[in-house]
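Nothing here was measured: the structure is a model prediction, and the numbers come from that model. Along the sequence shown, residues carry numbers from 1.
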Amino acid sequence: VQLAESGGGSVQVGGSLRLSCAASGRLYSSHVIVWFRQAPGKERELVAGIRWGYGTTYYADSVKGRFTVSRDKADNTVYLQMNSLKYEDAALYYCARGTDYSGSPASYPSWGQGTQVTVSA
């Protein structure tokens, strides 16, 4: 499975962005598609995820109530709607495929190339 992110850009504090992660290849019900982010000088951080089959979701505490992850099975795409963006949300955002939620990037065999999110005043 290959993944490709899009939708990043520059936004003001308090603004919104929607990221997309398009998957080529078959996704199975047991798969999870997650979003990580990595800011300069920091470790890659698990932000949110969704299980492909049931649609159950995961959110890091830092984004709960502000970010929403969803999927469109017809388009084989996962979305990350980001609202009320803060300076600390600025990072390179990656989507990845795995079989269960883990904060360890090594647990995910498939990654996209990343899309940059910049938050400014």
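The stretch residues 46-97 participates, sequence neighbours left out, in these disulfide bond (SG atoms under 2.5 Å apart) pairs: Cys21-Cys95.
Hydrophobic clustering, with ILVMFWY side chains joined whenever heavy atoms are under 4.5 angstrom apart, groups Val78 together with Met82. Tyr101 and Tyr54 are assigned to two separate hydrophobic clusters, defined by single-linkage of ILVMFWY side chains at heavy-atom distances under 4.5 Å. A single hydrophobic cluster is seen to contain both Val63 and Leu80, as judged by linkage of ILVMFWY side chains at heavy-atom distances under 4.5 Å, directly or through other members. Under the 4.5 Å side-chain heavy-atom criterion for Ile, Leu, Val, Met, Phe, Trp and Tyr, Ile33 and Val1 are members of the same hydrophobic cluster. Residue Leu3 is grouped with residue Leu19 when hydrophobic side chains (ILVMFWY) are merged at heavy-atom distances under 4.5 angstrom, including chains of intermediate members.
In this structure a side-chain-to-backbone donor-acceptor pair under 3.5 Å is missing from Gln113 to Ala4. Panel note: side chain Asn76, backbone Gly25; a donor-acceptor pair is recorded below 3.5 Å. Judged by distance alone, the side chain of Tyr28 and the main-chain N or O of Gly53 form no donor-acceptor pair under 3.5 Å.
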With a 3.5 Å cut-off and sequence neighbours excluded, list the donor-acceptor pairs that the side chains of residues 114-121 form with protein atoms.
from   : atom 1 : to    : atom 2 : distance (Å)
Thr115 : OG1    : Gly8  : N      : 3.0
Gln116 : NE2    : Ala91 : O      : 3.3

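Asp72 and Thr77 share no donor-acceptor pair across their side chains, judged by distance under 3.5 Å alone.
Summarising the geometry of Ser16 relative to Ser84, their closest heavy-atom pair is OG-N, 4.4 Å, with the distance given to 0.1 Å. Smallest separation of non-hydrogen atoms from Ser107 and Ser102: OG-OG, 3.1 Å. For the residue pair Lys86 and Asp89, the shortest heavy atom distance occurs at N-OD2, 2.7 Å.
In this pair, Phe36 and Trp111 present their aromatic rings tilted. The plane angle is within the 30 to 60° band. In this pair, Tyr93 and Phe67 present their aromatic rings tilted. The plane angle is within the 30 to 60° band.
Within the 4.5 Å cutoff, the side chain of Tyr79 has heavy atoms near those of the Ser70 side chain. A 4.5 Å side-chain heavy-atom check between Arg51 and Asp100 finds at least one atom pair inside the cut-off. The side-chain heavy atoms of Thr56 and Ile50, taken from C-beta on, include no pair separated by under 4.5 Å. Using a 4.5 Å heavy-atom threshold, the side chains of Tyr94 and Arg37 count as separate. Side-chain contact between Leu85 and Leu17: present, with at least one pair of heavy atoms (C-beta onward) separated by less than 4.5 Å.
Annotation: cation-pi geometry not satisfied between Arg97 and Tyr108 (NZ/CZ under 6.0 angstrom from ring centroid, within 45° of ring axis). With Tyr59 as the aromatic partner, Arg66 does not meet the cation-pi criteria of under 6.0 angstrom to the ring centre and within 45 degrees of the ring axis.
Note on Lys64 versus Asp61: salt bridge recorded, some NZ/NE/NH1/NH2 to OD/OE distance being below 4.0 Å.
Under a cut-off of 6.0 angstrom, the local environment of NZ in Lys73 is crowded, with over 12 non-hydrogen atoms contributed by other residues, nucleotides or ligands. The 12-atom threshold is exceeded at CD of Glu88, counting heavy atoms of other residues, nucleotides or ligands nearer than 6.0 Å.
Of the residues Glu43, Glu45, Arg44, the one that meets the side-chain contact (heavy atoms from CB on, under 4.5 Å) test with Gln38 is Arg44.
With rounding to the nearest 0.5 Å, the separation of CG in Leu92 from NZ in Lys42 is 14.5 Å.
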Could you check Trp35 against Val69 for side chain to side chain contact (heavy atoms under 4.5 Å, CB included), going step by step and ending with a plain yes or no? CA-CA 9 Å; Trp35 289 93; Val69 61; 4.2 Å; yes
